[in-house]
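Report on the following structure.
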Amino acid sequence: MKVLIVGSGGREHAIAWKVSQSKKVDKIYCAPGNAGISELAECVAIGAMEIDKLVAFAKEKAIDLTIIGMDDPLVAGIVDAFEAEGLRVFGPRKNAAILEGSKAFSKDLMKKYNIPTAAYEVFTEADKAIEYLESKAEFPIVLKADGLALGKGVLICEDLAQAKEGVAQIMTDKKFGSAGNKMVIESFMTGREVSVLSFVDGNTIRIMTSAQDHKRAKDGDQGLNTGGMGTFSPSPFYTKEVDEFCKKYIYQATVDAMKAEGREFKGIIFFGLMLTPNGPKVLEYNARFGDPEAQVVIPRMKNDIVEVMEACIDGTLNHVELEFEDNAAVCVVLASDGYPVAYEKGKVISGLERFKDTDNYYVFHAGTKLGENGEVLTNGGRVLGVVAKGTSLKQARLNAYSASTWIEFENKYMRHDIGKAIDEAEE
Ligand code: GLY
């Protein structure tokens, strides 16, 4: 098979690595890819949102399967465009990707189908939102821009002044662009966050192993929200009871709700869960692998990922059982100092060769590019995800932090408390 992967981050590198293990695959392309992905795939200079060019490329190269890693092209309808040309593609169609593309849609869906989530209201006018905040809100409160906003469109506001400022940013100043044409105001939930990824074929859902992300830039969950500074898998908080509850009230219920709405979902559903004192609730849905959740979940997966994706497309996922290794993995993101605000690029990265042929250690590139002489350069805020497995979460964490010292580049920055929750789980 010839496979095309669309995207350029650590998630797409992890997908490319797993696809390269498939016995069904002879050739991998990635658009646009990065320096790390170029070791596994032929990278082509087409952006993930250049949908017409991607379709033309897939036709020209007779691609057998295209895998969409990123949210923006999914929400824009890339799957529909591929299918219209008779091309096989893994991911939800536009009418199903709305599960991630509109927070108002997903909240209304959960309300209609009794899927546990926080209480909320939807607003299309800033003054109506302010009126609501002044009369009915309890603080802290959560404001969400309706559309995609690079994971940054969620604001937790401690008081009325902050909330008014948040409404102005989202709806008046359009800090997140058209994503802020509508907004959701939601009750603040307390508890532990867990990410659960799943494969879905429209009817059947298969749950992957759990993971936990670290969204804030600084140790102790301080600083600004980022795309994710590190992950671990599995989550010790995702107990058998939690799993049973979610299977009964959340996972299949979501797939069935989408089908009932005429929005059959095929692809990945990422359940962002909050384990509240009143039971698990859905914080958000995403319509693709999490980043950097993929980097700790995919290396632990035993199945051939191409076979599972084909089963999703063909509607035969009921014949597939997912298997994960009985171990743990931790990902520490190496970023450029200053991320997520302002940072320098173009710094030479050394130490990458240490990961070659070292079992159970991986370096997934997030923001890198090749220099003129073949050297690998930093090219983004999040630069690399250093991943290590271990027989336990603690061992995996030790291994990942040890491997993070193998890599050097100017202005290297990382959090030092990825997986701190592992210790808390034991207390
Ligand atoms: N790690 C969170 C996300 O991928 O949205």
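Read the numbers this way: they start at 1 and go in the same order the structure lists the ligands and their atoms.
Protein heavy atom at the shortest distance from atom 2 (C) of ligand 1 is D213 OD2, 3.5 Å.
For E244 and K240, the salt-bridge test passes: some basic side-chain N is under 4.0 Å from an acidic carboxylate O. Between E186 and K103, no side-chain nitrogen of the basic residue sits less than 4.0 Å from a carboxylate oxygen of the acidic one, so the salt-bridge criterion is not met. Taking 4.0 Å as the cut-off between side-chain N and carboxylate O, R206 and E321 count as a salt-bridged pair. Electrostatic pairing of K24 and E310 counts as a salt bridge here, judged by a charged N lying under 4.0 Å from a carboxylate O. Comment: D146 does not engage K107 in a salt bridge, judged by the lack of any side-chain N to carboxylate O separation of less than 4.0 angstrom.
Between R288 and ligand 1, an N or O atom pair is found at a separation short of 3.5 Å. The N/O atoms of D291, backbone and side chain alike, include one that comes under 3.5 Å of an N/O atom in ligand 1. Between E293 and ligand 1, at least one pair of N/O atoms sits closer than 3.5 Å.
Here is the list of ligand 1 atoms found below 4.0 Å of a heavy atom in N286: 5 (O).
By the 4.0 Å heavy-atom criterion, G290 is counted among the residues contacting ligand 1.
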